[in-house]
Amino acid sequence: MTILDAFDRMMEHTARRIAQRSSRRGILARLGTALVGGAVLPLLPVDKTRAKLAHASEFAKTAQTTDPTKCNYWRHCASDGYLCSCCGGTVNVCPPGTYASPTSWIGTCINPDDGQAYLIAYQDCCGKDSCGMCFCLGTEGEMPSYRPELNNDIVWCFGAPSMVYHCSSQVLIGKA
Amino acid sequence: MTILDAFDRMMEHTARRIAQRSSRRGILARLGTALVGGAVLPLLPVDKTRAKLAHASEFAKTAQTTDPTKCNYWRHCASDGYLCSCCGGTVNVCPPGTYASPTSWIGTCINPDDGQAYLIAYQDCCGKDSCGMCFCLGTEGEMPSYRPELNNDIVWCFGAPSMVYHCSSQVLIGKA
Amino acid sequence: MRVYAMRFALLSIGAWLSGALVEAWAQPATPIPAQMPPQAALPTQEDHPTAVLPEPSPRWIYVLEPVFPYLVASKMWILDGDDLSIKGMVNGGYLPNAVLSHDKSRFWIAETYWSRGSRGTRTDVVTAWDTKTLDPLGEVILPNGRFLVVPKKHNATLSHDGRYLFSFNMDPAFSLSVVDVNEMKYLGELDTQGCSLAFATGTNSVASICPDGRFVHLTFDASGKLTKTELSEPWFDSQNDPVFEHAAVHRPSKRAFFISYDGWVYPVTLDGMPKVGERWKLQGPGDEEWRPGGWQLAAFHAASNRLFVTMHKGGKWTHKQAGDEVWVFDVAAKKRVHRLPLDHHSPTIAVSQDEKPLLFALTETAILMSYDTTTWQKKAERSALGISPWLLYTFGE
Amino acid sequence: MRVYAMRFALLSIGAWLSGALVEAWAQPATPIPAQMPPQAALPTQEDHPTAVLPEPSPRWIYVLEPVFPYLVASKMWILDGDDLSIKGMVNGGYLPNAVLSHDKSRFWIAETYWSRGSRGTRTDVVTAWDTKTLDPLGEVILPNGRFLVVPKKHNATLSHDGRYLFSFNMDPAFSLSVVDVNEMKYLGELDTQGCSLAFATGTNSVASICPDGRFVHLTFDASGKLTKTELSEPWFDSQNDPVFEHAAVHRPSKRAFFISYDGWVYPVTLDGMPKVGERWKLQGPGDEEWRPGGWQLAAFHAASNRLFVTMHKGGKWTHKQAGDEVWVFDVAAKKRVHRLPLDHHSPTIAVSQDEKPLLFALTETAILMSYDTTTWQKKAERSALGISPWLLYTFGE
């Protein structure tokens with residue numbers, strides 16, 4: 001899988017860099033543990049999303065699939081911020097004059113219509129100061145910022161032409 | 001009086017400038033009317049403050065002289081904005097890190113303790129964004145901005161090192 | 001990595017859509033370093049484009065919010081007037097003024113920035129915005145600054161041909177900065193002789209209000225050089241009954257209505273040297289307790305000859321008190337034709353210029369209301385439109 | 001004119017009081033043109049000086065407000081903790097972090113600006129402020145930027161000797177920017193190997209938390225060059241029970257308490273490579289429904305060995321829910337000693353470090369409360385402290 005490849009490459013890259021910069025003993029040995037030991041596996045995205053399904057159902061109990069301008073819309077289970085759907089955009093269209101971020105953190109939400117879990121990319125729309133409409137705070141599966149790929153406090157505008165947060169999109173990736 | 005001198009000088013200066021830049025006929029004649037005709041006298045500050053005394057008493061009816069953090073403090077009869085008294089300053093001390101403006105518009109308030117009318121200089125404290133505490137809007141004797149010396153919407157930071165409005169002072173000039 | 005490449009392709013389209021000029025403004029797109037968490041760039045099933053608006057409707061309402069007490073962070077909201085849904089927004093600087101183009105392609109915001117938010121180096125600019133993409137198209141520096149005041153509509157306006165933008169300046173010398181918005185070029189300052197605000201009177205002329213109740217009328221040439229300065233006779237009593245700054249102005253018909261603290265209406269034709277018609281009074285017999293008041297307190301619908309004014313019960317010096325009712329006048333008959341009690345008292349109103357106009361009323365508590373002026377029914381109400389929306393604009397006014 | 005001369009003399013004194021360095025920041029004082037309305041500069045009977053604060057009290061509370069949704073206009077409020085009166089405030093940039101000095105003479109704000117508010121050229125800086133005059137004393141540019149995130153306290157901190165300020169950066173490469181605040185000089189970046197946040201562990205060392213539940217510990221030399229990178233063993237389960245970022249840290253005693261979503265307390269000594277003590281749990285028998293949660297959810301009073309944590313009733317993934325109570329623990333006995341029900345539920349708390357400490361609780365609705373921890377009585381409550389105050393700081397913590 002592409003993503004696992006990418007993750008492996010990142011870890012290898014990190015390992016090489018630690019090796020280059022740190023005392024040869026100790027660090028590399030410790031990092032070796034991190035790479036081959038039990039600790040690394042739970043970090044893999046597929047495992048992670050699976051681990052969260054049980055919890056995601058709490059939000060889904062009262063979720064609806066008709067009005068994306070409400071906090072209980074099914075895709076918003078872990079969205080944090082102002083809904084682009086209230087700001088001149090939709091769940092996957094950025095408001096006029098803003099930039100769709102190519103990066104995001106990832107949540108897992110259950111669509112109550114089919115009971116299936118889906119991966120949602122919480123990509124921000126960027127380049128204007130906060131929209132300020134329809135603030136929603138979903139925290140299903142949300143982790144502290146030292147786990148950035150699962151944190152919703154971060155300005156997810158990396159790779160966009162501006163790092164100014166405007167509103168939060170909820171873009172469908174696919175089934176979890 | 002110094003102020004009348006200053007005012008006269010300003011009017012003369014304006015007249016000269018109009019004369020220099022405009023067609024000789026017409027403008028100068030019209031302006032002559034403005035300078036010597038009836039229209040100019042009501043503009044003089046002493047006349048103006050006297051004219052307003054009758055109205056200022058409306059505010060004074062419910063004014064108090066003990067708590068400058070309340071909108072009905074006697075000096076606030078025509079203050080517009082955030083009271084410096086609520087922002088780390090007092091009626092005549094600017095909050096830390098702000099600049100006392102050397103300029104202001106002028107209001108006339110009655111001190112209910114002695115029933116006397118006083119001129120109040122509504123000098124702003126400048127250099128930080130709005131304090132935001134204790135907003136009061138007094139409008140006794142307040143005029144549109146084309147009469148700037150009697151308007152309270154203007155950022156009265158002219159002559160200060162910054163034109164950013166922080167809060168409103170109410171500095172005593174003397175008896176009206 | 002393939003994933004990143006896909007995302008950047010999408011981004012490039014976005015940048016192209018938003019117009020080449022934007023590039024000069026934006027940070028260069030930064031490549032996503034390999035250390036990014038890999039989930040961050042998972043391919044999505046859905047596209048994620050940026051919306052583009054159609055040509056503005058005359059029934060859209062543009063709401064300028066200076067943002068008290070966070071004045072360095074102003075916004076302009078764009079809403080559909082019928083349901084008050086948000087179409088989009090743009091950011092502005094300190095104590096901004098907005099000007100809408102005649103052809104609906106642009107609006108401009110005259111605004112002030114400091115290099116460190118509220119401190120550092122000051123820069124005054126007129127920024128041009130595309131009305132469809134809501135992208136900034138460029139800016140013109142105002143070297144002599146701007147009038148910094150709680151935003152008033154008539155601090156900035158456009159000449160009759162839509163070419164020159166006038167931005168009033170009191171630094172504290174009184175002048176109008178002239179910007180050629182076709183060329184996006186600053187032309188210079190017109191000395192207003194101590195008079196204030198800007199009311200366009202032609203292609204190359206503009207008027208201001210003087211402290212003694214006159215107009216000053218300024219004519220300039222294509223280079224922005226003042227060629228003529230005229231003073232009118234005093235036409236209102238600026239000492240005892242001044243006119244509100246927020247005259248109801250309708251640019252296409254060159255008509256304006258100035259309203260005094262006491263309720264006198266001064267009809268003015270803004271075509272060359274302003275011509276002031278016979279004044280008449282808002283209040284009739286039995287209306288003695290009522291006064292006009294608020295902020296942007298008057299609006300004029302040209303096609304139906306209707307003037308709308310916010311009214312409240314109050315004594316002298318209550319000129320900033322919000323209106324409990326909107327009174328509607330036939331300006332030909334000089335007669336009130338309707339009284340509209342407002343659900344929430346409002347200092348500011350506007351009216352759309354289409355055939356069945358919407359009346360908008362804005363409260364001091366960030367509530368915007370939209371009324372159908374054919375039925376006088378409320379069509380929509382929206383609360384929490386920011387924290388301090390202040391001025392209303394419509395295209396065609 | 002004499003009047004103007006007097007005013008400028010006064011102004012000069014103000015400028016002198018506020019410190020020479022300010023000059024570099026401020027606009028040059030502009031002479032008041034003759035066209036200014038003459039009343040504008042009437043001589044006043046009273047002086048109009050600028051207040052200067054005494055040395056900060058440990059009972060003062062510093063409140064950082066990022067200002068949602070006007071994030072380019074942040075503020076830091078300074079209040080007297082006993083009566084919650086305002087002592088003053090300063091402005092900040094986008095998503096700021098604050099750091100208070102050890103010697104009470106300074107605080108710093110790491111912040112981000114754009115040349116046109118929310119667009120244009122980005123600049124990241126650490127700005128130094130004088131705690132008495134509340135004047136900016138200078139700034140250091142952060143060439144590699146800052147981590148832009150809803151403000152978290154441990155995004156920035158100070159080395160044990162108070163000389164190096166660490167500002168976490170995810171651009172999205174992970175590093176700590178090091179600023180020598182004595183010299184007001186940027187030294188460079190320390191690579192955190194994908195780990196986040198900053199916990200000072202000495203004069204020349206700092207730790208971050210890694211995604212897999214380890215510390216990375218970084219040592220650097222006087223030039224800011226990384227000399228050693230160490231990784232700890234994983235000390236918490238980052239997959240199933242992560243620790244909150246807002247550990248309660250007390251710098252003078254080098255003690256910290258990390259709290260997990262489920263309520264485990266990990267005592268950590270921040271002196272060289274972090275040493276993690278035996279964990280213990282906040283909830284005892286009968287407390288099963290309760291969880292820690294909020295934002296800045298924990299505070300530690302070192303002299304009395306007391307740990308304060310905001311608690312609410314809720315299930316898994318309610319980690320950001322505000323606390324209905326503050327639970328107080330004796331960390332030596334690992335035992336709860338008090339439950340304080342809050343008048344308004346609060347995600348954020350802080351405690352003063354004096355002998356009879358004040359406990360501060362801040363709500364999501366801009367209410368700040370101050371409690372006497374000797375009597376558990378509420379001393380003061382203040383509503384409308386801006387619109388979105390977020391983080392609390394005290395000197396000596």
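Everything numeric in this text was worked out from a predicted model, so none of it was measured.
A:R147 places a side-chain N or O within 3.5 Å of a backbone atom of D:S238 that can act as its donor or acceptor partner. Between the side chain of A:E140 and the backbone N or O of D:W317, no donor-acceptor pair lies under 3.5 Å.
When the shell of 6.0 Å around CD of D:E289 is examined, it contains 12 or fewer heavy atoms from other residues, nucleotides or ligands. In D:H319, the NE2 atom is crowded: over 12 heavy atoms of neighbouring residues, nucleotides or ligands sit closer than 6.0 Å.
Contact tally against chain A (heavy-atom pairs below 4.5 Å) for D:P151, D:P242, D:G117: the top residue is D:P242. By number of non-hydrogen pairs under 4.5 angstrom with chain A, the leading residue of D:F168, D:F244, D:F147 is D:F147.
In this structure, A:S145 OG and D:K152 NZ are separated by 4.5 Å, a value rounded to the nearest 0.5 Å. Between the OH atom in A:Y165 and the CG atom in D:L148 there is a gap of 13.5 Å [rounded to 0.5 Å]. Taking CG from A:N151 and OG from D:S196, the interatomic distance works out to 9.0 Å, rounded to the nearest 0.5 Å. Rounded to the nearest 0.5 angstrom, A:M143 CE and D:E245 CD are separated by 11.5 Å. Within the model, atoms CZ of D:F68 and OG of A:S130 stand 7.0 Å from one another, a figure rounded to the nearest 0.5 Å.
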Might you work through the side-chain contact (heavy atoms from CB on, under 4.5 Å) test for A:V155 and D:L95, ending with a clear yes or no?
CA-CA 10 Å; A:V155 174; D:L95 295 172; 3.5 Å; yes
Please test A:V164 against D:R119 for side-chain contact (heavy atoms from CB on, under 4.5 Å), starting from the C-alpha separation and ending with a verdict.
CA-CA 8 Å; A:V164 179; D:R119 61 182 194 275; over 6 Å; no
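A salt bridge links A:D153 with D:K320: the closest approach of a Lys/Arg side-chain nitrogen to an acidic carboxylate oxygen falls below 4.0 angstrom.
For a residue to count as touching a neighbouring chain, one of its non-hydrogen atoms must lie under 4.5 Å from one of that chain's; by this rule D:L71 touches chain A with backbone and side chain alike. Contact of D:Y94 with chain A is made through the side chain alone, with heavy-atom distances under 4.5 Å. Contacts of A:F135 with chain D are absent, with no heavy-atom separation under 4.5 Å from either backbone or side chain.
D:P347 pairs by the side-chain contact (heavy atoms from CB on, under 4.5 Å) definition with D:W295, D:A322, D:E364, not counting sequence neighbours.
Of the options D:F215, D:F236, D:F199, D:F174, a ring-ring contact (aromatic ring centres under 6.0 Å, His included) to A:Y146 is made by D:F236 and by none of the others.
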